Amino acid sequence: MRSEFFGAELFADPAWDMLLELYALACETRRVSVSKLSLAAGVPTTTALRWIEKLEAEGLVVRANDPLDARRVWVALSNAGHSAMQAFVEEVTGRDAGR
């Protein structure tokens, strides 16, 4: 949404875009594949995979293979990642998020 007002080239931070997307999807009880997450972040899949690996190493996201399609991998916030994002949203909005 911010790229509609300011232009996408001003905000080139795939990790943050992915965390925001994953938090929004978690709030809607939805999941996302690596390929869809890369689209949401506006980066190639290879770039998304590097950032997902970094976020996973930091304990913020988890990956799970799709048992119905061996080609697909699901990505979600870990419990720690969800807690951190929720605390961030509460801090910037000045209210409890999702409660």
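All values derive from a computational prediction rather than experimental measurement.
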Mind checking side chain to side chain contact (heavy atoms under 4.5 Å, CB included) for Leu60 and listing every partner two or more places apart, or none if nothing turns up?
-> Leu19, Leu55, Glu58
Residue pairs, two or more places apart or on separate chains, that pass ring-ring contact (aromatic ring centres under 6.0 Å, His included) and touch residues 48-69 = none
Just grab all the ring-ring contact (aromatic ring centres under 6.0 Å, His included) pairs involving residues 66-95, residues at least two apart or on different chains.
-> Trp16-Phe88, Tyr23-His82
Arg31 CZ to Leu37 CG distance, which is reported to the nearest 0.5 Å | 14.0 Å
Under the side chain to side chain donor-acceptor pair (under 3.5 Å) rule, collect the residues that match up with Ser35, sequence neighbours excluded.
-> Ser33
Among all residues two or more places apart in sequence or in another chain, which pass the side chain to side chain contact (heavy atoms under 4.5 Å, CB included) test with Val34?
-> Thr45, Leu49, Ile52, Val73, Val75
Can you tell me how far CE of Met18 sits from CG of Leu25, rounded to the nearest 0.5 angstrom?
-> 13.0 Å
For Asp69, the side chain to side chain contact (heavy atoms under 4.5 Å, CB included) test, sequence neighbours excluded, returns Asp66, Arg71, Arg72
Scanning both residues in full, the closest heavy-atom pair of Ala76 with Leu22 reads CA-CD2, 4.0 Å
Within the side chain of Ser83, is there an N or O that forms a donor-acceptor pair under 3.5 Å with the backbone of Asn79?
-> yes
With sequence neighbours excluded, residues passing salt bridge (Lys or Arg N to Asp or Glu O under 4.0 Å) with Glu28 = Arg30
Test item: Ser78 side-chain N/O and Gly59 main-chain N/O as donor-acceptor pair under 3.5 Å | yes
Sequence neighbours excluded, every pair satisfying salt bridge (Lys or Arg N to Asp or Glu O under 4.0 Å) that has a member inside residues 34-53 | none
Hey, any chance Leu77 and Val89 share a hydrophobic cluster, counting ILVMFWY side chains that come within less than 4.5 Å of each other, even indirectly?
-> yes
